[in-house]
Amino acid sequence: MNTDGPYPFESPYLTRPKSDDLSKQWCVTYWIWSFTKNALTRKRVIVTGDTAQARLADADQVIKELNEYLKDGMVYEGEKLASHQEPAPMKAAKITADLLPMDVLYLLTP
């Protein structure tokens with residue numbers, strides 16, 4: 001598991017037949033964070049091309065783009081709920097008489 005970005009992910013890699021058979025499916029496989037499952041989920045991108053060299057070039061481009069998106073936290077599944085977000089920093093509040101309960105207000109009154 002890679003944690004270079006804001007969400008965990010597995011880096012993309014090419015899966016292809018050993019013989020570079022063009023009649024079989026070639027794909028780039030990667031894993032992204034799923035907020036609905038609270039776990040990593042496998043995703044695939046089909047690589048196309050008329051030659052093995054064209055498919056390798058296509059796969060390199062897909063892997064390069066996916067790595068950038070994954071490290072920037074732009075790829076995830078599901079909706080990021082408020083409970084998954086970092087809490088906002090607290091602002092200092094000015095204490096005024098209308099914010100205090102009546103018993104504390106009574107003690108502060110001269």
Side-chain angles (χ1 to χ4, degrees):
M1 182 174 7
N2 196 332
T3 57
D4 288 343
Y7 311 114
F9 65 90
E10 288 288 335
S11 297
Y13 56 92
L14 176 65
T15 55
R16 63 181 178 170
K18 288 184 180 181
S19 62
D20 290 343
D21 187 0
L22 297 177
S23 66
K24 296 186 179 177
Q25 189 178 64
W26 293 32
C27 62
V28 173
T29 305
Y30 61 104
W31 298 73
I32 63 171
W33 185 251
S34 171
F35 286 107
T36 53
K37 296 178 184 175
N38 204 27
L40 291 173
T41 302
R42 183 181 68 141
K43 299 293 180 183
R44 297 184 303 161
V45 176
I46 305 298
V47 179
T48 60
D50 296 335
T51 64
Q53 291 80 15
R55 288 189 183 190
L56 287 172
D58 189 29
D60 286 341
Q61 183 64 30
V62 169
I63 290 171
K64 180 182 173 187
E65 289 181 23
L66 278 173
N67 275 325
E68 291 175 13
Y69 291 139
L70 289 166
K71 288 179 183 175
D72 289 341
M74 298 171 59
V75 181
Y76 55 86
E77 184 178 73
E79 291 187 35
K80 186 165 78 167
L81 303 175
S83 61
H84 296 115
Q85 296 174 353
E86 292 294 320
M90 295 292 291
K91 293 182 180 178
K94 182 179 177 183
I95 298 177
T96 59
D98 57 343
L99 296 176
L100 297 173
M102 288 305 279
D103 53 351
V104 175
L105 185 60
Y106 177 75
L107 295 173
L108 293 175
T109 309

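- In terms of heavy-atom proximity, Trp26 sits nearest to Arg16 at CD2-CB, 3.7 Å.
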What donor-acceptor contacts under 3.5 angstrom involve side-chain atoms of residues 62-73, with partners at least two apart or in another chain?
from  : atom 1 : to    : atom 2 : distance (Å)
Glu65 : OE2    : Gln61 : NE2    : 2.8
Asn67 : ND2    : Ile63 : O      : 3.3

Side-chain donor/acceptor pairs under 3.5 Å, residues 41-48, sequence neighbours excluded:
from  : atom 1 : to    : atom 2 : distance (Å)
Thr41 : OG1    : Glu77 : OE1    : 3.4
Lys43 : NZ     : Glu77 : OE2    : 2.7

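- With rounding to the nearest 0.5 Å, the separation of OG1 in Thr15 from NZ in Lys24 is 13.0 Å.
- Using a 3.5 Å distance cut-off with no hydrogens or angles, the side chains of Ser23 and Asp21 do pair a donor with an acceptor.
- Counting all heavy atoms, side chain and backbone alike, Leu40 lies closest to Pro8 at CD2-O, 3.4 Å.
- At least one donor-acceptor pair under 3.5 Å links the side chain of Arg55 to the backbone N or O of Gly49.
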